[in-house]
Amino acid sequence: MRAKVLYGLLATCFVLVLVGVSACSQPAPEVIREVITQVVKETQIVEIEGETVIQEVEVERVVEVTVTPEPMTGAMQSIPRDRTLVLGAWEHAAQLNGTDNFNPIINTASVRTNYAKWVFEALMYNNMNTGEEYPWLAESYELDDDYMGMTIYLRKGVTWSDGEDFTCTDVKFTIEAHRDTETAARRGEFSRWFESVECLDDFTVRIDYTGTNPRIHQRLMIGWENHFVIVPEHIFRDKDVATFTNLDLGKGWPIGTGPYKLILVSPQQVIYDRRDTWWGAETGFMDMPEPLRIVGTNAASDEAYAQMYMTDRLDYGGFALMLGSFEAARDRNPTVRSWFDEGPAYGAPDGCVYQLQLNNNRFDTNVRLALNYALDRQEIVDLAYQGSTYVKVAPISDYVTGAWGSIVNPVIDSFNRDNPSQAKVEEYMTAAGYAMNADGFWEKDGEVLEFTVTVPVPWAVMGPVIAEQFTRAGIKADEQLDTAGQWPNMVVNGDYDGVAYVHCGSNFDPFDSLSFFHSDCYAPEGADVPTGCGGMKGHRFVGDPDMDLAIEMMEGAVGDPNNPEFVKWVETALEVYMREMPTLVIAEELHIIAMNDSYWTGWPTADDPYVAPYPCWSDFTLVPYRITATR
Amino acid sequence: MQRYLVRRILQFFLIVFIANSLTFIVPRLVPGDPITEFLNNQQLLNPNPEFETWVADYKAKFGTDRPLWEQYLNFWAGAVRGDFGYSIISFPQTVMHRIGVALPWTIGLVSVGTLLAFLFGTSMGALLGWPDSPQMFQWFVPVLMVIGGIPFWLFSFVVIWIFAVELGILPPAGGINMLDVLIQGDTLQARVVSIAQHAALPIFVFVLFGVGGWGLTMRANLIMTLGEDYILFAHAKGLPESRIFLRYGVRNALLPVLTALAMAIGGIIGGSTLLETAFSYPGVGSVVGAAIQQRDYFVISGAAFFMILSSALALLLVDLMYPLIDPRVRYQ
């Protein structure tokens, strides 16, 4: 009898807990009180024709009413799976980050990983593979001849989801909010460069810079991982941008110009439904995207994303898969593919290259060259990345070499730096004054050359291979896995030999990548690198006058492969780089973005590269307009 | 008795104070600064020419520009108000929001798992320890030990592979699939079913690994209890075996296990980081795991505060209950 009671109690507990969790997972609608003017019936004593009578009259009164906003889920329709696009977030996390805030000025995750990119739209999108621009909220823009400002011409007929017109005021407000809000992600660059923003009329924005800058417009007009989306001034204007969450489904927030509206937000899923009306379709600018619903979801690990692909629970995205997980997913589900159909290099370039960033104070040119020839890049690619990428020796990703290949490749190839050779190691170590000791290590003045390869966790696979290759060449190397995330500070204060991670510079022309090696970022041993020279700029390269000059000249001009002068500066800087090898670039960083043709097809691929394939990039916004349902 | 109560209550506050102080200080002893690190990563997306100013603004926002002792006082002042500030890695999300949305999931998963593991484990342990149980029960002892030796996460992958990938009957990850729920019309029933489906595999693994511990503890307790004189006396009186087993054996052997259950319930808030990560379960364990990896001081301190508080409360309740359960404590 008691056992029955006990089992009954436990079963009740189980159900209660489940129901409790269910209730807690969705906040109850908040009840609020509002003051409104309302027509109410009142009983009044009035005199009619000398007689006093009591009658009911209608009068306007200011009253307080209780309002129950729409629940967080709003009015939700049942939309079948084959009309729903399910996207994974660009992160490994059991909970989506930042789902309580859809203010893209202070919370970039809202558009990057939580997919509000279909609520808020950008001025322009572009194809990072080709450099082609897709005008969107802006029809065009002009840069001043002296690059001291720009003028943006906005599209007419664009409306916000609440019916208000989109105008210059919205663009001006957005730029100024980024510039003036303390914790805005883009505050630094915007406050450095954007002196004033004026509306010449409702559809013409004039921006004056604080100085000459031929590239700063890219921050507004071109989006990659960096989204610049426009927010509605009429919603934001009386709010504190630094704290405004812009999330109240009952009020229809977030309000955007995009074809989707947010209908549900939880740490597990964010769900957007297609709006019935969208300015793009109404003006004939673009057909409505096919998916009726877009779901952003997440998983905590590579394996979990692979399992979701195996079971058709994901159409696209998630964090890039490791080669083994991708191949396992594809074996189970043949509709899964990636940028390239054939592997093992399935992934697409992302503008970054893997590198061993050197502390140049500790290694002169001869030692750097010896280290370069001690590296067997192909072996690193094969062992660390299972052949899923390819060798690179210069800090210029294939995104850049696509347009600049015929200019930069001859310079890079002429130095033949990807050529592992013990004879070359000996030549350069000897030139540096080292001799091989009895233990087989290079030694100078009684001190063995030691090298610690610091590897942050995301790039952990490179560390052991690099250390082994150096040791094989007589450089006493060890690997230090940086689980505590110390490397950014080490780079700033110079307490490192080499850090194996990525070099992310240019996306458009070689300037950004090469600018990292300007002598402005030099600091002697023991001193911190100058302000703004942390991370990938912290090479402590003493610099070279030719390179400095070339970088300065490039900085003041638009990167144009048809401009012979600009090409000359690129060649000069690149020649110095290849001669000095201030960092050791290893391979292209390729990401295996999985895509599943089970429900949708028409993804961006190497065969149809209409945008870069990264779901966390701004240009991915164009994908729903191109995909079609398979069922 | 009064002194006993006062001593235990003071002990509770001391535990909360010391444990929280340690969780405040230890992460901050690790060299480096997570805010600079976070902004360095942000720099990859949004280069900031005035990086140092940016860092200073953020440090002021998080209060880490203040001396450590001031931060420590602010932590306690915030803890009293239930305000642990912002998460570093998920800024501008607050710590309370991060924990608040994760807590129901963890409570649901771990409490159900703990209760089921306790129920099955103690029942099995009792049967294992009873000399008259069928011989087949003895096979469970090595089985439980073997299962207990397999790493949690590895077993999770095996279970996911079998039930989610091969058989396709349960979801591989997550806590709820609102997509499915909406397709079914967003009813409470659809939500409960989806939650139960997602919780089934992690609970199964949790129970499987918990059963061993509870079972072996209960078995040992029962064997000790069976050696007591009152059991011999019950046999001598000729009482039925079932009565001796349940009333004299299990009931007395269960006392220390109940104490452990109270402690386990107190530890529920901590969740199970590995389990939640393996199943992408959106609970506190996942939040804490991510926070530790990325040194999100504020989330670590906030989550630890609640874990410590609940464990200490459970300990206090057990201490307060003991004199009622065991008169010897009262006499001491």
Side-chain angles (χ1 to χ4, degrees), chain A residues 10 13-14 17-22 24-25 73 76 78-81 84 86 93-95 97-98 100-101 106-108 182-183 185-189 191-192 225-226 264 266-269 271 295 297-301 303-304 307-308 310-311 313 332 484-486 488-489 504 531-532 534-535, chain B residues 30-34 36-37 40 42-52 54 57-58 61 90 92-93 97 101-102 104-105 107-108 111-112 115 119 157 160 164-165 168 172-176 178-179 182-186 188 191-192 195-196 276-277 280-283 286-287 290 294-295:
Chain A
L10 282 169
C13 286
F14 183 78
V17 169
L18 287 183
V19 173
V21 167
S22 164
C24 293
S25 66
T73 50
M76 287 190 279
S78 175
I79 291 174
R81 172 67 178 90
T84 303
V86 185
Q95 290 188 345
N97 268 324
D100 60 340
N101 190 310
I106 55 167
N107 183 21
T108 54
E182 205 173 69
T183 49
R186 276 168 213 104
R187 183 179 180 229
E189 272 194 322
S191 62
R192 166 72 182 83
E225 198 150 349
N226 168 18
L264 182 143
S266 78
Q268 288 272 281
Q269 281 103 20
I271 301 185
V295 177
T297 188
N298 59 319
S301 66
E303 297 80 10
Q307 288 150 6
M308 289 169 84
M310 289 175 196
T311 50
R313 285 167 185 271
R332 291 291 306 187
Q486 289 298 299
N489 300 323
C504 301
T531 299
Chain B
V30 179
D33 167 32
T36 310
E37 204 176 292
N40 260 314
Q42 291 283 309
Q43 280 262 83
L44 302 181
L45 304 180
N46 304 294
N48 193 329
E50 293 164 11
F51 185 71
E52 274 66 23
W54 202 26
D57 285 347
Y58 264 78
K61 187 102 190 153
S90 311
Q93 218 165 30
H97 179 85
V101 292
W105 296 99
I107 290 175
S111 61
V112 172
L115 289 175
L119 182 70
F157 288 139
I160 290 171
V165 178
I176 184 171
M178 283 307 295
L179 175 61
L182 292 185
I183 288 172
Q184 292 166 44
D186 192 20
L188 178 64
R191 283 181 182 229
V192 172
I195 290 170
E276 289 183 7
T277 304
S280 299
Y281 205 77
S286 304
V287 172
Q294 298 174 70
R295 281 198 300 155

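The sequence lines fix the lettering, A, B, ..., with proteins before strands; numbering per chain opens at 1.
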- Heavy-atom pairs under 4.5 Å with chain B, option from A94(A), S301(A), A299(A) with the top count: A94(A)

- Pair count under 4.5 Å, heavy atoms only, with chain A: among G175(B), S286(B), A173(B), G168(B), highest is G175(B)

- Message: Restricting to non-hydrogen atoms, name the atom on T277(B) and the atom on A300(A) that form the minimum distance, rounded to 0.1 Å.
- Response: O-CB, 3.5 Å

- Query: Using non-hydrogen atoms only, which part of N101(A) is less than 4.5 Å away from chain B: side chain, backbone, both, or neither?
  - Reply: side chain

- Is it the backbone or the side chain of A164(B) that comes under 4.5 Å from a heavy atom of chain A, or both, or neither? backbone

- Query: Does some side-chain heavy atom of P172(B) sit less than 4.5 Å from a side-chain heavy atom of R313(A)?
  - Reply: yes

- Given that the side chain runs from C-beta out, which part of T183(A) has a heavy atom under 4.5 Å from chain B: side chain, backbone, both or neither? both

- Message: Using every non-hydrogen atom in the two residues, find where V165(B) and T311(A) come nearest and quote the distance to one decimal.
- Response: CA-CG2, 4.3 Å

- Go through the atoms of I106(A) and report whether side chain, backbone, both or neither lie under 4.5 Å from a heavy atom of chain B. both

- Task: Name the region of T297(A), side chain, backbone, both or neither, that has any atom closer than 4.5 Å to a heavy atom of chain B.
- Result: neither

- Task: Kindly say whether I176(B) contributes a backbone atom to a donor-acceptor pair with the side chain of Q269(A) at under 3.5 angstrom?
- Result: yes

- Least distance between heavy atoms, S280(B) atom then Q268(A) atom: O-NE2, 4.1 Å

- Can you tell me how far CD of Q95(A) sits from CD of E276(B), rounded to the nearest 0.5 angstrom? 9.0 Å

- How many angstroms lie between OG1 in T84(A) and CG in L182(B), if you round to the nearest 0.5 Å? 8.5 Å

- Would you mind telling me which of V287(B), I183(B), L179(B) has the largest number of heavy-atom pairs within less than 4.5 Å of chain A? I183(B)

- Message: I'd like to know whether E303(A) forms a side chain to side chain contact (heavy atoms under 4.5 Å, CB included) with I160(B), so could you lay out the CA-CA distance, the side-chain angles of the two residues, the decisive distance to 0.1 Å, and finally the verdict.
- Response: CA-CA 10 Å; E303(A) 297 80 10; I160(B) 290 171; over 6 Å; no

- R81(A) portion near chain B, given a 4.5 angstrom heavy-atom threshold: both

